Amino acid sequence: PEALAELQRLGIKNVRHTLYADLWRTDQAYRRGFPQEVKAAAGRGLDVLLTVHQIPSGWSGETFARWLGERAAEMPG
């Protein structure tokens with residue numbers, strides 16, 4: 001919340017937030033918290049660009065694409 005307020009104070013409108021697929025798969029707190037962070041930023045009027053690097057080990061391109069689609073549906077905007 002303080003960081004979001006500081007971004008607003010500075011007049012920053014666009015932010016990039018990296019989504020780590022491996023953390024999403026293995027860390028429940030990260031999986032719960034990440035969408036909340038995105039929604040909080042969007043709720044403050046920030047335009048959030050999600051960045052995802054690299055297909056996780058063991059995933060096919062199709063699996064990765066499906067996972068990305070699910071995240072996009074979960075965190076629109």
Side-chain angles (χ1 to χ4, degrees):
E2 289 180 32
L4 294 176
E6 184 66 10
L7 292 172
Q8 280 185 302
R9 187 186 74 71
L10 292 170
I12 295 171
K13 301 277 186 205
N14 301 298
V15 294
R16 179 174 53 200
H17 197 9
T18 301
L19 175 57
Y20 295 99
D22 285 333
L23 278 176
W24 187 275
R25 295 188 315 169
T26 60
D27 187 329
Q28 290 284 343
Y30 181 80
R31 193 175 346 192
R32 282 190 308 272
F34 192 92
Q36 292 172 353
E37 291 173 8
V38 171
K39 289 175 187 170
R44 294 263 188 151
L46 296 170
D47 183 18
V48 182
L49 171 65
L50 295 182
T51 306
V52 182
H53 303 279
Q54 182 173 357
I55 297 173
S57 178
W59 282 18
S60 69
E62 184 177 318
T63 299
F64 187 54
R66 184 173 35 255
W67 179 80
L68 288 172
E70 290 167 357
R71 299 299 66 79
E74 183 179 356
M75 297 175 269

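Treat the numbers as computed from the prediction; the structure is a model and nothing was measured. Note that these values count all heavy atoms, side chains included, but never hydrogens, waters or copies made by symmetry.
In this structure, the side chain of Q8 engages the main chain of R44 through a donor-acceptor pair within 3.5 Å.
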Taking only distance into account, with no hydrogens and no angle test, what donor-acceptor pairs under 3.5 Å do side-chain atoms of residues 15-24 form with protein atoms, sequence neighbours excluded?
unit_1, atom_1, unit_2, atom_2, d
H17, NE2, E37, OE1, 2.7
D22, OD1, R25, NH2, 3.1

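At most 12 heavy atoms of other shown residues, nucleotides or ligands fall within 6.0 angstrom of atom CD in Q54. Environment of CD in E70: crowded, with over 12 heavy atoms of neighbouring residues, nucleotides or ligands closer than 6.0 Å.
Atom CD of residue E62 and atom CD1 of residue I55 lie 11.5 Å apart, to the nearest 0.5 angstrom.
Nearest heavy-atom pair, V48 versus A41, reported as atom, atom and distance to 0.1 Å: CG2-CB, 3.6 Å. For the residue pair L50 and V38, the shortest heavy atom distance occurs at CD2-CG2, 3.8 Å.
Ring pair F34/Y30 is tilted by interplanar angle, where 30° to 60° counts as tilted.
Residues L68 and R71 are not in side-chain contact: their nearest non-hydrogen atoms beyond the backbone lie 4.5 Å or more apart. By the 4.5 Å heavy-atom criterion applied to side chains, N14 and L49 are not counted as neighbours.
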